[in-house]
Amino acid sequence: SLLQLKLWNKYRVSNIPSLIFIDASTGKVVCRNGLLVIRDDPEGLEFPWGPKPFSEVVAGPLLRNNGQTLDSNALEGSHVGVYFSAHWCPPCRSLTRVLVESYRKIKESGQKFEILFVSADRSEDSFKQYFSEMPWVAVPYADEARRSRLNRLYGIQGIPTLIVLDSKGDVITRQGRVEVLNDIECREFPWHPKPVLELTDSNAVQLNEGPCLVLFVDSEDDGESEAAKQLIQPIAEKIIAKYKAKEEEA
């Protein structure tokens with residue numbers, strides 16, 4: 001029915017079973033990954049399972065691939081890319097190769113940026129092998145509870161996923177993968193979402209995220225695509241501002 005379809009769209013459900021907790025008084029989503037919650041917290045000790053700040057969920061020791069450990073508060077004051085990935089997944093491996101270069105460029109430009117690897121590898125050995133290629137920090141593989149809490153916090157439904165946070169730990173974009181692949185020189189870092197995008201192979205995945213307006217223009221005439229952008233940019237900005245005011249994702 002139409003109502004069912006509206007609910008699927010509203011909560012951007014892309015696979016089932018899917019369990020989403022909402023706060024009945026405000027209608028806001030409390031938690032997208034309800035299935036992980038009831039698996040991790042069968043006794044309901046953490047109820048009402050609301051979103052916690054990143055700094056609280058990540059709290060604890062982090063690793064470097066040379067065996068050094070550091071405390072998670074070392075991330076404070078930096079932009080952070082939270083990178084959900086695994087060696088067994090080919091798109092993850094190819095993104096990691098690009099990400100290593102992006103990480104180097106951003107650090108060299110003098111910006112405070114750190115990447116946190118949250119592994120979905122199937123064994124400690126494969127985690128170690130994969131992490132050996134990475135110049136950033138990771139949640140220890142053995143700390144399954146913390147890895148799972150980070151998955152829950154961001155409602156991760158597939159890998160690779162790169163979530164980019166600002167220096168306060170708030171989400172700038174969930175589409176870090178698309179941004180990194182579209183901006184090899186990292187000129188747009190930290191990749192605040194643009195109201196209007198040009199549709200490409202790598203960002204087409206966003207068509208699954210919710211309602212989209214796609215405007216087709218005659219690409220032979222460059223002036224036309226610029227004029228079309230000018231036309232829809234203010235409309236897109238207005239919509240984004242409206243959702244921001246409601247503290248919801250547009």
Side-chain angles (χ1 to χ4, degrees), residues 53-55 57-87 89-119 127 130-140 150 153-154 156 159-206 209 226 229 233 236-237 240-241 244 249-250:
F54 169 69
S55 57
V57 176
V58 78
L62 302 176
L63 292 179
R64 291 205 176 277
N65 64 16
N66 60 5
Q68 246 185 323
T69 63
L70 68 160
D71 193 80
S72 57
N73 61 20
L75 300 174
E76 282 171 23
S78 291
H79 282 81
V80 177
V82 189
Y83 184 35
F84 298 86
S85 188
H87 191 259
C89 144
C92 292
R93 292 200 300 274
S94 58
L95 180 61
T96 297
R97 286 193 289 275
V98 178
L99 200 51
V100 167
E101 286 307 302
S102 302
Y103 178 76
R104 193 178 51 75
K105 283 177 188 150
I106 294 164
K107 298 282 267 191
E108 281 174 2
S109 74
Q111 303 190 71
K112 291 186 82 174
F113 181 49
E114 196 47 75
I115 293 177
L116 174 68
F117 172 41
V118 183
S119 165
F127 161 76
Y130 193 28
F131 187 41
S132 71
E133 305 163 22
M134 300 180 183
W136 44 74
V137 298
V139 175
L150 284 159
L153 179 61
Y154 297 115
I156 301 303
I159 55 172
T161 294
L162 178 66
I163 310 260
V164 183
L165 310 179
D166 67 15
S167 54
K168 295 196 208 75
D170 295 327
V171 174
I172 293 176
T173 178
R174 300 177 59 86
Q175 301 291 341
R177 176 194 185 182
V178 171
E179 298 293 353
V180 164
L181 296 175
N182 275 349
D183 180 24
I184 296 297
E185 292 305 315
C186 306
R187 291 201 180 98
E188 308 275 327
F189 177 82
W191 302 302
H192 287 280
K194 293 193 195 68
V196 180
L197 291 174
E198 192 166 324
L199 190 58
T200 63
D201 287 355
S202 59
N203 66 26
V205 60
Q206 286 171 251
E209 295 268 308
E226 198 39 55
K229 195 174 171 185
Q233 181 90 12
E237 283 172 359
I240 286 175
K244 210 168 191 166
E249 282 185 60

Rounded to the nearest 0.5 angstrom, the OG-CD1 distance for Ser78 and Ile115 is 11.5 Å

Candidate pair Ile156 and Ile163, rule side chain to side chain contact (heavy atoms under 4.5 Å, CB included), full reasoning: CA-CA 10 Å; Ile156 301 303; Ile163 310 260; 4.2 Å; yes

Tell me every residue that passes side-chain hydrogen bond (donor to acceptor under 3.5 Å, both in side chains) with Glu133, counting only those two or more places apart in sequence or in another chain. none

Salt bridge (charged side-chain N to carboxylate O under 4.0 Å, His left out) partners of Arg104, counting only residues at least two apart: Glu101, Glu108

Would the distance check show the side chain of Arg93 and the main-chain N or O of His87 forming a donor-acceptor pair, the cut-off being under 3.5 Å? yes

Only one of Thr96, Leu99, Leu95 passes side-chain contact (heavy atoms from CB on, under 4.5 Å) with Ser85; say which it is. Thr96

Least distance between heavy atoms, Ile159 atom then Ala86 atom: CD1-CB, 3.7 Å

For Asp71, side chain to side chain contact (heavy atoms under 4.5 Å, CB included) partners two or more places apart: Asn73

Nearest 0.5 Å, what's the CG-CG distance between Leu165 and Asp170? 8.0 Å

Go through the structure and list residues passing side-chain hydrogen bond (donor to acceptor under 3.5 Å, both in side chains) with Ser109, not counting sequence neighbours. Gln111

Minimal non-hydrogen separation, Arg174 against Thr161, with atom names: O-CG2, 4.3 Å

Summary of ring pair (Phe, Tyr, Trp, His ring centres under 6.0 Å) pairs that have at least one residue in residues 167-191, sequence neighbours excluded: His79-Phe189, Phe113-Phe189, Phe189-Trp191

side-chain hydrogen bond (donor to acceptor under 3.5 Å, both in side chains) involving Glu185 - partner list, sequence neighbours excluded: none

Looking at every non-hydrogen atom in both residues, tell me the closest pair between Lys105 and Cys186 and how far apart they are. CB-SG, 4.4 Å

Rounded to the nearest 0.5 Å, the OH atom of Tyr83 sits from the SG atom of Cys92 at a distance of 5.5 Å

Check side chain to side chain contact (heavy atoms under 4.5 Å, CB included) between Ala138 and all other residues, then give those that pass, not counting sequence neighbours. Phe117, Phe127, Phe131

Run the side chain to side chain contact (heavy atoms under 4.5 Å, CB included) test against Val98 and tell me which residues pass, sequence neighbours left out. Ser102, Val180, Leu181, Ile184

Nearest 0.5 Å please: distance from the OG1 atom of Thr173 over to the CD atom of Gln175. 5.5 Å

Pairwise side-chain contact, Val82 with Val58, heavy-atom cut-off 4.5 Å (strictly under): no

Name all residues meeting the side chain to side chain contact (heavy atoms under 4.5 Å, CB included) criterion together with Ala74; count only those two or more places apart in sequence or in a different chain, and write none if there are none. Leu70

I need the Gln68 CD to Leu62 CG distance, nearest 0.5 Å. 12.0 Å

Report the residues that fulfil salt bridge (charged side-chain N to carboxylate O under 4.0 Å, His left out) with Lys107, sequence neighbours left out, ordered by chain and then residue number. Glu114

Say you draw a straight line from CG of Leu116 to CG of Leu162; how long is it, rounded to the nearest 0.5 Å? 10.5 Å

So salt bridge (charged side-chain N to carboxylate O under 4.0 Å, His left out) across residues 192-206, not counting sequence neighbours, yields Glu188-Lys194

How close do Pro135 and Arg64 get, heavy atom to heavy atom, and via which atoms? O-NH1, 3.6 Å

Sorted by chain and number, sequence neighbours left out, side-chain hydrogen bond (donor to acceptor under 3.5 Å, both in side chains) with Thr200 holds for Ser202, Asn203

